[in-house]
Protein chains: 2
Amino acid sequence: MIADVEKRLEAAGIKPTAMRNLVLEYLLKQGSAISLAELERGLAPVDRVTVYRTLKTFEEHCLVHSINDGTGAAKYALCQEDSGEVRHHDLHVHFYCNSCKETFCLPKTLIPAVVLPQGFISEEVSLVMKGVCERCSA
Amino acid sequence: MIADVEKRLEAAGIKPTAMRNLVLEYLLKQGSAISLAELERGLAPVDRVTVYRTLKTFEEHCLVHSINDGTGAAKYALCQEDSGEVRHHDLHVHFYCNSCKETFCLPKTLIPAVVLPQGFISEEVSLVMKGVCERCSA
DNA sequence: TGATGTTTGCAATTCTGTTGCATGCGCTAC
DNA sequence: GTAGCGCATGCAACAGAATTGCAAACATCA
Ligand SMILES: [Mn+2]
Ligand SMILES: [Mn+2]
Ligand SMILES: [Zn+2]
Ligand SMILES: [Zn+2]
């Protein structure tokens with residue numbers, strides 16, 4: 001429903017527009033993280049730059065987070081709706097399937113603590129695993 | 001010494017050439033991982049594509065590993081010389097310093113085990129931390 | 001020497017990310 | 001209501017990274 005989509009945008013402090021509704025709606029339908037290019041294809045005909053800026057806006061407002069899975073193109077996925085915690089996206093593992101080439105958030109799989117050598121101060125962490133996803137391994 | 005460099009290439013199963021010696025020699029001098037662009041600048045005037053293919057060759061033979069630190073350009077660093085273990089590079093943490101913008105291998109800092117949800121099969125893992133490096137925090 | 005395969009250099013292309021600018025649109029102050 | 005203002009959008013253009021194609025140079029060996 002558009003109403004839900006607009007509510008979610010407003011909850012994130014983003015003014016709803018046709019394009020933003022469209023992008024958020026599309027993201028909600030996804031089972032995995034998607035790239036700007038995929039989004040562009042899925043919503044065609046839309047302007048790539050507008051989608052790009054929409055994603056940036058979403059990211060700034062912590063509605064989506066971006067994932068760098070090493071494939072060259074950043075992927076985007078919605079942040080957990082509940083998540084009162086700040087930066088939950090910094091804490092969970094991402095999984096790239098070598099078989100279906102999709103990238104998944106594993107929100108239940110938290111990144112373990114890492115003990116860094118003396119002097120190194122951690123501010124962010126990302127952990128990407130690659131292998132075979134549940135669907136492809138079944 | 002060129003002799004050492006050539007020995008190391010041969011040990012990795014790579015036929016030494018002028019360009020390969022040059023690239024490996026340069027990599028040996030680095031205290032942090034470097035990008036293709038940096039390598040190109042440091043070795044100028046060399047051809048970017050040749051250096052690119054040289055790195056690919058090194059990577060295939062496990063002489064270097066590449067690191068995706070989220071800066072857009074892949075960084076390359078030598079693999080541990082000893083490392084009888086396969087893929088040691090899959091196991092250690094990489095650190096990107098927000099201050100000096102350098103990317104370091106932390107070969108002593110291993111990536112902790114991650115328990116994946118049922119059905120996910122892990123083949124590779126990469127963990128990149130961002131923050132302030134020892135030099136910049138001192 | 002001549003044939004063969006590998007390495008190199010250069011041109012060119014693709015892809016991703018990003019910026020600039022002009023237009024459009026909605027909202028508010030008058 | 002209308003003028004003005006700021007944000008959103010669309011289009012053109014650019015920057016940088018990665019990658020491919022091709023032909024020339026080079027090494028190797030029968
Ligand atoms: Mn995620
Ligand atoms: Mn490393
Ligand atoms: Zn899969
Ligand atoms: Zn530093």
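Protein chains get the first letters and strands the later ones, always in sequence-line order, with residue 1 at the start of each. Side chains included, hydrogens not; waters and symmetry mates left out as well; all remaining heavy atoms used. Not measured: the values here are computed from a predicted model.
- Proximity of the aromatic rings of F95(B) and F104(B) is defined here by a centroid distance below 6.0 angstrom, and this criterion is not met.
- A straight line from CG of N21(B) to C1' of dT8(C) spans 15 Å, rounded to a whole angstrom.
- To the nearest angstrom, P of dG20(C) lies 12 Å from OH of Y52(A).
- Residue T50(B) is in base contact, counting any heavy-atom pair closer than 4.0 Å across all strands shown.
- Following rounding to the nearest Å, E59(A) (CD) and dG17(C) (C1') show an atom-to-atom distance of 13 Å.
- The nearest heavy atom of DNA chain D to M19(A) and to A74(B) marks one nucleotide each, and the one closer to the 5' end goes with M19(A).
- With sequence neighbours excluded, no residue satisfies salt bridge (Lys or Arg N to Asp or Glu O under 4.0 Å) with R53(B).
- E60(A) places its CD atom 14 Å from the C1' atom of dT18(C), with the value rounded to the nearest Å.
- No side-chain heavy atom of H92(B) sits under 4.5 Å from any side-chain heavy atom of K108(B).
- With the nearest nucleotide of DNA chain D identified for both T17(A) and S35(B), T17(A) has the one nearer the 5' end.
- Partners of S35(B) according to the side-chain hydrogen bond (donor to acceptor under 3.5 Å, both in side chains) rule, which considers only residues two or more places apart in sequence or in another chain, are E38(B).
- A sub-4.0 Å separation between OP1 or OP2 of dG17(C) and a side-chain N or O of K56(A) is absent.
- For DNA chain D, the contact window with chain A, defined by any atom under 4.0 Å from a protein heavy atom, covers dA8(D) to dA13(D) in 5' to 3' order.
- One atom, CD of E40(A), and another, C1' of dG17(C), lie 12 Å apart when rounded to the nearest Å.
- Checked by distance alone, R53(A) brings no side-chain donor or acceptor within 3.5 Å of a matching partner on the base of dG17(C).
- For the pair N98(B) and V132(B), the minimum side-chain heavy-atom distance is 4.5 Å or more.
- Taking atom CZ of R20(B) as the reference point, atom C1' of dG9(C) lies 15 Å away to the nearest angstrom.
- The shortest side-chain heavy-atom distance between L110(B) and V93(B) does not fall under the 4.5 Å cut-off.
- Partner of T103(B) under the side chain to side chain donor-acceptor pair (under 3.5 Å) criterion, chosen from T71(B), N68(B), D69(B): D69(B).
- Considering only side-chain atoms of R48(A), the nucleotide from dT18(C), dG9(C), dT7(C) that sits closest is dT18(C).
- As a whole-Å value, the separation of D47(A) CG from dA22(C) P is 17 Å.
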